[in-house]
Amino acid sequence: MKDLNNPDKKVILVIEDEAPLLEAIKRKLELGGSSVLTATTTEQALSYLQDEKRIDLIWLDHYIFGKEPGLLFVAELKNSPKWKSIPIFVVSNAAGAEKKQAYLSLGVDKYYAKVDYRLDQLVKDIQIFLAEKKE
Amino acid sequence: MSPDRSGISSISKAEEELQKFKLAVENASDHIIITNENAVILYANKAVERITGFSQKEVVGKKAGTKELWGGMMPREFYETMWETIKNRKKVFTGEVQNRRKNGEIYTALASISPVLGDNGAVRFFVGIERDITKEKAIDLAKTEFVSLASHQLRTPLTAINWYSEMLLSGDVGPLSEEQSRYLKEVYKGSQRMVRLVNDLLNVSRLEAGGLIVEPVPAKIDSLIAASIKEGKFSVGAEKEIPVRFERSKEETKLAVDSELLNQVFRNLINNAVRYCSGRPNPKVEVSLDKRPVDGVNSLVIEVRDNGIGIPKLEQGRVFEKFFRASNAQKAAAGGTGLGLYISKTVVEKWGGKIWFESEEGKDTAFYVTIPLTGMVFQKGEKKLA
C-alpha cells in the first residue's frame with residue numbers, strides 16, 4: 001500500500017467476494033502497473049472510499065453479500081457528490097442483459113460478463129480507459 | 001320382418017350407440033362441458049367435478065368461464081379474444097388458462113372450446129374441453145430454474161479456471177516448459193468449451209421461460225456486422241484463423257434492430273461457418289447483405305456462406321432442433337453444443353424474421369437470416385439473453 005502515494009500509479013479498488021478471483025484480479029492489475037485495494041463487502045469498500053484520498057477506478061462484482069448490493073452500492077456512490085465521478089467497471093457473472101442495462105442506466109462506465117472475457121483484456125481496457133480520461 | 005320389431009330394434013341400437021358416447025364423455029379424464037350459445041352449462045362430465053371441485057349439479061345452469069365457477073381469472077382481453085374466435089369467427093379456440101378450484105386453489109388448464117353449428121350456420125352449442133396441466137407446468141418451471149441456477153453457479157469456478165490458466169500461460173508467475181504449456185492449453189480449451197455450453201444452456205432456459213425482450217433502435221447494420229466479425233476474432237479459438245470476407249453495402253443499411261440479439265445470432269452463424277470449414281482446403285467464409293421480399297415481406301437478408309463440410313441431406317430437417325448435431329459435424333468438431341441454431345431460430349422468429357439454409361454435403365452451406373425492412377418487431381417481454 002506504500003504505492004498509494006506514487007502519483008503515477010493508478011489506484012483501483014476491487015470489490016469481489018470470491019477469494020480466488022480476487023487474488024487473480026489483484027495480481028494481474030498489479031502486473032499491469034496499478035495499485036490495488038481489495039474488498040469483499042460493500043461496507044469494506046465504503047470504508048476505503050472514506051479513508052483513501054485517491055481511488056481512480058472501482059472494479060465491482062454484482063454478486064456480493066445482500067440482495068442487490070452491487071446495484072445499491074452503485075446508486076449510493078452515484079448519489080454522493082464526493083464519489084460520483086469515480087469510474088466504475090462492473091465485472092459480473094450475473095446473467096441477462098437486463099442487469100447490464102440497470103447498471104449502465106445508473107451510470108457505470110462498463111459492464112462485462114466475467115466468464116466471457118480474458119483477464120488481460122479487462123486490464124487492458126481499464127488502462128486504455130484511464131489513459132483516455134487523463135487526456 | 002314386421003315394421004314394429006325393426007323399429008324397436010333400431011331405436012335400441014341408436015340408444016346403445018348414444019349410451020356408448022355418453023359413457024365415453026362422462027368418464028373421460030379431461031374436463032368436458034357443453035353449453036348453449038350463451039355459455040350456460042347444459043352438461044358437465046365427472047372430470048369437471050374432480051378437477052374444479054364443483055359438483056355436476058352445481059354447475060349445470062350456470063355460466064361457464066365466470067367467477068361464480070372456476071373462471072374469470074384471466075385478463076379481459078383473453079376472454080374477448082376467446083369470444084371473438086368462437087362466437088363471431090366460429091372457430092376453435094385453444095389456450096392456456098388460469099382457473100380457480102372451488103377450494104380457492106389456482107390451477108392451469110389447456111383449454112379448447114369448439115362451437116357446434118346448426119344447419120343454419122348459427123352457434124347451437126359450445127363444447128369446452130380442459131386438461132389440468134398444473135403439474136406439467138410446475139415441472140417445466142423447476143427444470144428451467146434448475147438450469148438457470150446451475151449455469152450461474154458454474155460460471156464462477158469456470159472464470160477461476162480461465163483466468164488462472166490464462167495467467168500461467170502468459171508467464172505471469174514464471175515460464176512454463178513446453179509440455180506444461182501444451183497441457184495447460186488443453187485445460188484452457190476445455191474450460192472455454194464449457195463456457196460456451198453454460199452460456200448456451202443459460203440462453204435456452206431464458207428463452208424457454210418465455211417473454212424475450214426485443215428492443216429495436218435505429219442502427220447501422222453494415223457497421224454492426226463488421227464490428228461483430230472483428231470482435232469474433234478474439235473469441236473463436238485463435239488457432240483457427242479463417243478470414244471472414246464481408247463486402248459492405250455501397251450505402252450503409254439503417255434499420256431498427258436489437259443489436260445484442262442480432263449480434264448473438266450472427267455470431268452463432270459465423271462461429272459455425274468458421275468451425276465447419278477449418279482444416280479444409282482453402283477455407284472461406286463470406287458474409288453479404290441483400291434487400292428483397294421474402295414470403296411477401298420486404299426484408300434485409302443476411303447471408304453467411306462457407307465452403308465447409310456441409311449438412312447431409314437426410315439430416316437437414318433436424319438442424320434447428322435443440323441439441324441436434326449433424327453426424328459429420330460431430331466428427332469434425334467435438335466442441336459444438338447443438339444449441340446455437342436452436343437459439344438463433346427462436347430469437348429470429350421473435351423479431352419477426354426468418355432463418356433457413358441451403359447446403360450440399362462436402363461442398364458448401366449458406367445460412368440466411370432476415371429482418372423486416374420495417375425493423376425488428378418490438379417485444380415487451382421480461383428477459384434478455386444472458
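All values below were derived from every heavy atom in this structure, side-chain atoms included, with hydrogens, water molecules and symmetry-related copies excluded. We name chains A, B, ... by the order of the sequence lines, and we start the count at 1 in each one. Remember, predicted model here, so these are calculated numbers, not experimental data.
Using a 4.5 Å cut-off between heavy atoms, A/D120 contacts chain B through both its backbone and its side chain. Only the side chain of B/N199 comes within contact range of chain A, with at least one heavy atom under 4.5 Å from a heavy atom of that chain. The part of B/E215 that comes within reach of chain A is its side chain, from C-beta onward, which places non-hydrogen atoms under 4.5 angstrom from that chain. For B/D172, the parts lying near chain A are the backbone and the side chain together; criterion is any non-hydrogen pair under 4.5 Å. For B/S170, the part lying under 4.5 angstrom from a heavy atom of chain A is the side chain only. Residue contact with chain B, scored on non-hydrogen atoms closer than 4.5 Å, involves the side chain of A/L122 exclusively.
Ion pairing between A/R54 and A/D56 holds under the 4.0 Å rule for side-chain N and carboxylate O. Residues B/K354 and B/E349 are not paired through a salt bridge, judged by the lack of any N-O separation under 4.0 Å between the basic side chain and the carboxylate. Under the 4.0 Å criterion applied to side-chain N and carboxylate O atoms, B/K322 and B/E208 are assigned as salt-bridge partners.
The list of salt bridge (Lys or Arg N to Asp or Glu O under 4.0 Å) pairs with a residue in residues 332-343 of chain B, not counting sequence neighbours, is empty.
Here the two rings, on A/Y112 and A/Y117, have centers that are under 6.0 Å apart.
Geometrically, A/K100 does not engage A/Y111 in a cation-pi contact defined by less than 6.0 Å to the ring centre and at most 45° from the axis.
Listed options B/I213, B/V195, B/N203 were ranked by heavy-atom pairs under 4.5 angstrom with chain A; first place goes to B/V195.
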